[in-house]
2 protein chains.
Amino acid sequence: MAESVVLDPVDLHLLRLLQNDARTTYRDLAAQVGVAPSTCLDRVTRLRRSGVILGHRLELDPAKLGRGLQALLSVQVRPHRRELVGPFVERIRALPESLTVFHLTGPDDYLVHVAVADMSDLQRLVLDEFTSQREVARVETRLIFQRWDCGPVLPPSPSAQSG
Amino acid sequence: MAESVVLDPVDLHLLRLLQNDARTTYRDLAAQVGVAPSTCLDRVTRLRRSGVILGHRLELDPAKLGRGLQALLSVQVRPHRRELVGPFVERIRALPESLTVFHLTGPDDYLVHVAVADMSDLQRLVLDEFTSQREVARVETRLIFQRWDCGPVLPPSPSAQSG
DNA sequence: CGTGAAAGAAACGGTAA
DNA sequence: TTACCGTTTCTTTCACG
């Protein structure tokens with residue numbers, strides 16, 4: 001598990017453009033960044049191999065897929081031991097309703113971001129997949145009014161990159 | 001803002017494959033789904049135009065970009081009025097540290113997922129961008145041990161799709 | 001929905017700074 | 001070592017059956 005990677009202005013420019021639309025062609029990238037298309041290919045390939053780029057993912061609209069309601073579930077797993085939390089996380093990750101799972105500090109051990117069809121679907125999910133389980137001590141449900149994805153993750157400062 | 005879209009097994013298969021790797025070629029998609037490449041193009045184009053596919057995004061590793069620490073900030077904004085929360089959300093979204101912002105039901109109005117360089121960077125962020133603001137009544141910080149992205153968002157059931 | 005052809009992009013070598 | 005150029009290979013895209 002490596003540390004930060006040194007990124008020059010060309011890399012940053014490419015990452016910024018690709019975060020907006022990962023299907024941008026190397027030809028178009030080259031025109032906007034001011035280098036040759038093959039250079040873009042070289043840079044992007046390097047960024048993928050170095051792990052900066054984890055993958056190209058499709059962003060879907062859960063509402064269009066019949067999941068118009070999203071919620072966050074705060075879950076306490078007790079006792080909080082590896083033998084219990086390992087299978088718990090794997091089971092939750094495998095649910096089609098789960099979008100993201102966080103393991104957190106603080107009294108609530110896990111936060112699960114879910115997308116469901118409606119209220120009754122959410123109720124079913126909470127009752128059948130969470131509170132019915134022996135290791136789940138408490139579940140707190142919060143509905144999501146709205147969600148905003150933020151801009152590209154840019155490096156903290158134009159200086160000081162530790163290799 | 002439309003409701004769900006009717007998706008047949010071919011659409012679902014394509015979405016499942018593309019969620020794993022959005023760069024899969026139509027030729028490879030065709031081979032795995034069992035239709036012609038041009039049919040895959042037709043289907044994917046339709047899915048993009050109907051809004052099921054919101055975009056092709058790059059998944060980056062924040063740790064490799066010098067942001068090895070992630071946290072969730074629960075924020076109370078008081079008074080919770082449009083004149084205050086609108087600018088608040090826009091300001092938070094514009095921070096380079098912000099990954100996602102949720103507007104929630106419950107006592108904590110907003111949940112902000114952030115990625116920072118280290119503890120002192122997190123402290124600076126909380127103090128300078130959150131608690132120093134007049135409209136921010138309370139901030140609760142929880143660190144993220146680990147984060148899991150879950151599988152594709154699949155439609156709820158093989159029946160009952162309302163168009 | 002499939003076929004086939006044309007336009008276009010990606011990938012790979014070589015080459016020069 | 002890194003960027004650029006030109007060619008080959010593959011993909012995308014479109015018109016048509």
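We name chains A, B, ... by the order of the sequence lines, and we start the count at 1 in each one.
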Fill in: Selection residues 34-43 of chain B - residue pairs positive for salt bridge (charged side-chain N to carboxylate O under 4.0 Å, His left out), sequence neighbours left out
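The answer is D8(B)-R43(B), D11(B)-R43(B).
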
Worksheet item: Tell me the salt bridge (charged side-chain N to carboxylate O under 4.0 Å, His left out) pairs involving residues 99-112 of chain A, sequence neighbours left out?
Response: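 Checked against salt bridge (charged side-chain N to carboxylate O under 4.0 Å, His left out) - neighbours excluded - the pairs reaching residues 99-112 of chain A are R78(A)-D109(A), D108(A)-R138(A).
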
Practice prompt. Grab the OH-C1' distance between Y26(A) and dG8(C) for me, whole Å please.
Written response: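 It works out to 15 Å between those atoms.
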
Worksheet item: To the nearest Å, how far apart are L41(B) CG and dA9(C) C1'?
Response: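 My rounded result for the distance is 15 Å.
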
Practice prompt. Using the test salt bridge (Lys or Arg N to Asp or Glu O under 4.0 Å), find all partners of D21(A) that sit at least two apart in sequence or belong to another chain.
Written response: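 Listed in chain order: nothing, the list is empty.
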
Discussion item. Can you list everything that forms a ring-ring contact (aromatic ring centres under 6.0 Å, His included) with F88(A)? Sequence neighbours excluded, please.
Written reply: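 If we apply the ring-ring contact (aromatic ring centres under 6.0 Å, His included) test to F88(A), skipping adjacent residues, the hits are Y110(A).
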
Discussion item. List the residues meeting ring-ring contact (aromatic ring centres under 6.0 Å, His included) with H13(A), not counting sequence neighbours, and say none if there are none.
Written reply: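 ring-ring contact (aromatic ring centres under 6.0 Å, His included) list for H13(A), sorted by chain: empty.
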
Which pairs, protein N/O on one side and nucleotides 1-4 of chain C N/O on the other, fall under 3.5 Å?
| from | atom 1 | to | atom 2 | distance (Å) |
| --- | --- | --- | --- | --- |
| dC1(C) | OP1 | R43(B) | NE | 3.3 |
| dC1(C) | OP1 | R43(B) | NH2 | 3.3 |
| dC1(C) | OP2 | R43(B) | NH2 | 2.2 |
| dG2(C) | OP2 | A36(B) | N | 2.9 |
| dG2(C) | OP2 | T39(B) | OG1 | 2.6 |
| dT3(C) | O4 | S38(B) | OG | 3.3 |

Item to complete: If a pair satisfies ring-ring contact (aromatic ring centres under 6.0 Å, His included) and one of its residues is in residues 50-73 of chain B, list it, with sequence neighbours excluded.
Response: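 Output for this query is empty, none listed.
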
Discussion item. In the structure I gave you, are the side-chain heavy atoms of D149(B) and E59(B) within less than 4.5 Å of one another anywhere?
Written reply: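 Touching, per the 4.5 Å side-chain cut-off.
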
Practice prompt. With sequence neighbours left out, write down each residue that passes side chain to side chain donor-acceptor pair (under 3.5 Å) with T141(A), or none if nothing qualifies.
Written response: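 Partners of T141(A) under the side chain to side chain donor-acceptor pair (under 3.5 Å) test: none.
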
Item to complete: For S120(B), check side chain to side chain donor-acceptor pair (under 3.5 Å) against everything at least two apart and list the hits.
Response: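 Residues passing side chain to side chain donor-acceptor pair (under 3.5 Å) with S120(B): D118(B).
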
Worksheet entry | Pairing residues for T25(B) by the side chain to side chain contact (heavy atoms under 4.5 Å, CB included) criterion, not counting sequence neighbours |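 T25(B): side chain to side chain contact (heavy atoms under 4.5 Å, CB included) contacts with R27(B), D28(B).
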
Worksheet item: What pattern of brackets, bars and dots sums up DNA chain C from 5' to 3', given Watson-Crick or G-U wobble pairs under 3.5 Å, [ ] for crossing pairs and | for another strand?
Response: .||||.|||||||||||

Fill in: Outermost DNA chain D nucleotides near chain A [under 4.0 Å, heavy atoms]
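In short, chain A contacts DNA chain D from dA3(D) to dC5(D).
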
